[in-house]
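So the structure is just underneath, and the comments pick up after that.
For the single chain, residues carry numbers from 1 onward in sequence order.
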Amino acid sequence: MGLCIGAPTVFIPQLRKEANSTDAVTSEMASWLSSVFGYSALPWVLILCWLLNAIGRKRTSIIMSLSTVAMFVVFYFSKTANDLLITEILTGLTHASTMTVTVVAIGEYSSPKFRGIFLTLKSASLLWGIWTSNAIGTFFHWRYIPLMGILCSLHTLTVFYWCESPYWLACKGRFDECRKTHRWLKGNGRASERELKKLIDSLKRTQSKEIELKSLLSKEFYIPLLLSILVVTQYHFSGKLVCSIYVIEILKRITNDEATAYYGMLILDGVTVISTYIGCILCRVLKRRTLLLTSSTIGITFLYILALYLWLIRIEVVTEIKMASVLFLAAFSTSISCGPMIMATSLYGELIPLRFKSVSIILIAFTFFGFHSTLLKLAPAIFANFGLDGMFLFYASTSTLIAILIYKYLPETKDKTLQEIEDYFKDSTNNSDVTNLVRDKIVS
C-alpha cells in the first residue's frame, strides 16, 4: 500500500518530463491519480467484510495476496496516464484490505502483549513503502516501483500456511478447533488459557443472537465505533498524509528549487520512517493514550508554528529562512509519526467488539477512505486558494479539537485482551461520561 501511495508523487513528474509537457498529466488528472484509490476501495470494503465473515480470515487473505501480486503486474505494464489511472483504481483492493483484513487478522492472531507493536509496525510499514517508492522514483525509472511491489507481495503468499483465526472459529461454533488454534498461536500459559476461556464463554452466550437494529443503538456498539472514527479522523486531519503525498509540491513552494525539493522529500520521508519505528518501541513502554496525546500535542504545536511562520513570510514581516521551514516540517513529521500515523488502525483494531466487527469495520473504513481521498483530491485547490500557511492552520485547528475529544473520552487498551476491552464498554458505570457525550453532542 505504501508503494502505491507514494508512486504518483514521482511518476507524475517523470511522465511530464518524458513528454516535455505538463499536458501529459494535467492538474486534474494528477489529483485523481493521487486520490482515486480511496474511492475505489469503498466497494471492496463491503466485499472483504462479507468474505471475512463468510469464509474466514485465512481464505480472504489468500484472495487478497494473489490479487495484490496481479495488481502490481498490471502496474508494471502501464504506459500512459490513463493506464496508471486504471492501475490506481485496481489498488483499491489493496487499500481496502489494509483497513479490514490485516487489522482483523493482526488483532485476532496476536497476543495482548504484542498486539500493539504488531499493529503499529503495520502502520510503520506503510510509511516505509512511501519512502521506498519516492526514493526509487528520485534515482530510477518509476517502473522499478511495481517490481519492488511484486517482490514485497510474494512473501504474503505464506498465508497458505496460516491456521484459521480462533476468533472466527469460535464465532462459527467450532470450539475444539478454536482451542487448538488459540494454543498453537499463543501457547497454553495461564493468561492465554484465561483469554481462551473468556472468548469461548462470550461467544457461546451470543452465538444464537442475531445483530438487531436495537443492538446497534446500544453503547456497546456505537461508543467504540465513534471513538474509532475519532482516532481515524485524527490520522487524516493531522495533515501528515497530505504532506507526504504532496511533499515535492510543498517543498518547491518553500525552496523554489526542484532538486532541493527532491532531496528534501527523501530526508523528510526518512525522518518519518525512523520516527514510526521509534513510536513502535515507545508503544511497548508507554500507554496508548500517553503516546497518542503527547505526540499529537507536539505535532499540533509545530503546525501552528509553521502556519504563523509562513504567514509572517507572506505578509513580509520576516525574511524566509528555507532551512527553518524544512526543520519545522521535520519536527512536525517526527512527532505525528510517533503517534497518530501508527496508532489509528491499531486502536480501532482493539476497540471494536467481535460481535459488531463486520458492520463497524465497514463504517470506519468508509470514513477512512472518504476523508483519505477527499483531502488528497482537494489539497491542490487548498494550496492555490489559501496558501501553505492556511493549510497548516486548518490542520492545526481540526487536530486540536480532535485531540481534546480523545483526551476526554478514549480509554486505555494497553495489555488488555480484546474480550476485556469489549467488557469495558458493556459496563455502564465506567462509561457514563462517554454515553453522555454520544447522547448529547454527537448530532453537533
Side-chain angles (χ1 to χ4, degrees), residues 2 5-14 16-17 22 25 27-28 30-35 126-127 130-131 133-135 137-138 235-273 275 299-315 318-337 340-341 371-399:
I5 291 176
T9 304
V10 288
F11 71 57
I12 291 173
Q14 285 196 23
R16 287 170 172 170
K17 190 173 182 179
T22 56
V25 183
S27 298
E28 180 68 14
S31 66
W32 278 115
L33 286 169
S34 300
S35 62
L126 180 147
L127 298 170
I130 293 176
W131 187 24
S133 186
N134 289 343
T138 299
Y235 174 93
H236 292 295
F237 283 92
S238 67
K240 180 67 183 79
L241 191 63
V242 169
C243 289
S244 295
I245 303 304
Y246 291 101
V247 61
I248 291 180
E249 178 70 20
I250 292 171
L251 290 175
K252 277 183 180 178
R253 287 171 177 261
I254 292 174
T255 63
N256 296 317
D257 182 71
E258 184 173 348
T260 303
Y262 272 93
Y263 286 112
M265 171 189 70
L266 296 180
I267 293 171
L268 288 176
D269 285 346
V271 167
T272 297
V273 170
S275 300
I300 291 168
T301 301
F302 279 106
L303 279 175
Y304 280 118
I305 292 172
L306 271 166
L308 177 61
Y309 178 67
L310 293 174
W311 177 70
L312 291 174
I313 292 172
R314 183 156 62 88
I315 62 174
V318 300
T319 304
E320 180 178 9
I321 303 174
K322 293 181 174 60
M323 186 54 67
S325 302
V326 175
L327 288 175
F328 288 146
L329 272 173
F332 156 71
S333 297
T334 299
S335 53
I336 291 296
S337 299
M341 293 302 290
F371 280 132
H372 194 119
S373 289
T374 302
L375 289 173
L376 289 175
K377 182 74 175 69
L378 295 177
I382 294 174
F383 297 158
N385 293 300
F386 300 100
L388 292 180
D389 54 327
M391 180 195 75
F392 287 125
L393 180 61
F394 166 72
Y395 286 123
S397 303
T398 52
S399 294

Which distance, rounded to the nearest 0.5 Å, do you find between the [atom1] of [X] and the [atom2] of [Y]?
X	Y	atom1	atom2	result
Tyr395	Leu241	OH	CG	8.5 Å
Leu306	Leu327	CG	CG	10.5 Å
Leu268	Asn134	CG	CG	10.5 Å
His236	Thr398	NE2	OG1	12.0 Å
Ile313	Leu308	CD1	CG	10.0 Å
Ile305	Phe302	CD1	CZ	5.0 Å

Side-chain donor or acceptor of Tyr246 paired with backbone N/O of Leu376 under 3.5 Å |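 Yes; judged by distance alone, with no hydrogens or angles, the pair exists.
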
How far apart are the closest heavy atoms of [X] and [Y], and which atoms are they?
X	Y	result
Asp269	Ile130	OD2-O, 4.4 Å
Ser238	Ile336	OG-CG2, 3.8 Å
Leu310	Ser325	CD2-OG, 4.2 Å
Thr272	Ser337	CG2-OG, 3.2 Å
Pro13	Tyr262	CB-OH, 3.2 Å
Leu251	Gly264	CD1-C, 3.5 Å

Let me see the working for Trp311 and Leu393 under side-chain contact (heavy atoms from CB on, under 4.5 Å), right down to the final yes or no.
-> CA-CA 10 Å; Trp311 177 70; Leu393 180 61; over 6 Å; no

Do Phe237 and Phe371 have their ring centres less than 6.0 Å from each other?
->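 Ring centroids of Phe237 and Phe371 are less than 6.0 Å from each other.
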
When you look at Phe11 and Leu33, which way does the side-chain contact (heavy atoms from CB on, under 4.5 Å) test go after all the steps?
-> CA-CA 10 Å; Phe11 71 57; Leu33 286 169; 3.9 Å; yes

Would you please name every residue forming a ring-ring contact (aromatic ring centres under 6.0 Å, His included) with Phe332, sequence neighbours left out?
->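 For Phe332, no residue satisfies ring-ring contact (aromatic ring centres under 6.0 Å, His included) once neighbours in sequence are set aside.
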
Tyr309: ring-ring contact (aromatic ring centres under 6.0 Å, His included) partners, not counting sequence neighbours |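 Per chain and number, Tyr309 pairs via ring-ring contact (aromatic ring centres under 6.0 Å, His included) with Phe328.
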
Begin from the C-alpha positions of Met391 and Cys243 and carry the test side-chain contact (heavy atoms from CB on, under 4.5 Å) through to its verdict.
-> CA-CA 10 Å; Met391 180 195 75; Cys243 289; 4.3 Å; yes

Which pairs, with at least one residue in residues 377-399 and sequence neighbours excluded, count as a salt bridge (charged side-chain N to carboxylate O under 4.0 Å, His left out)?
->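 For residues 377-399, and leaving out neighbouring residues, the salt bridge (charged side-chain N to carboxylate O under 4.0 Å, His left out) pairs sorted by first residue read Glu28-Lys377, Arg314-Asp389.
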
Would you say the side chain of Ile250 lies within less than 4.5 Å of the side chain of Phe383, judging by non-hydrogen atoms?
->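 Contact flag for Phe383/Ile250 side chains = yes.
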
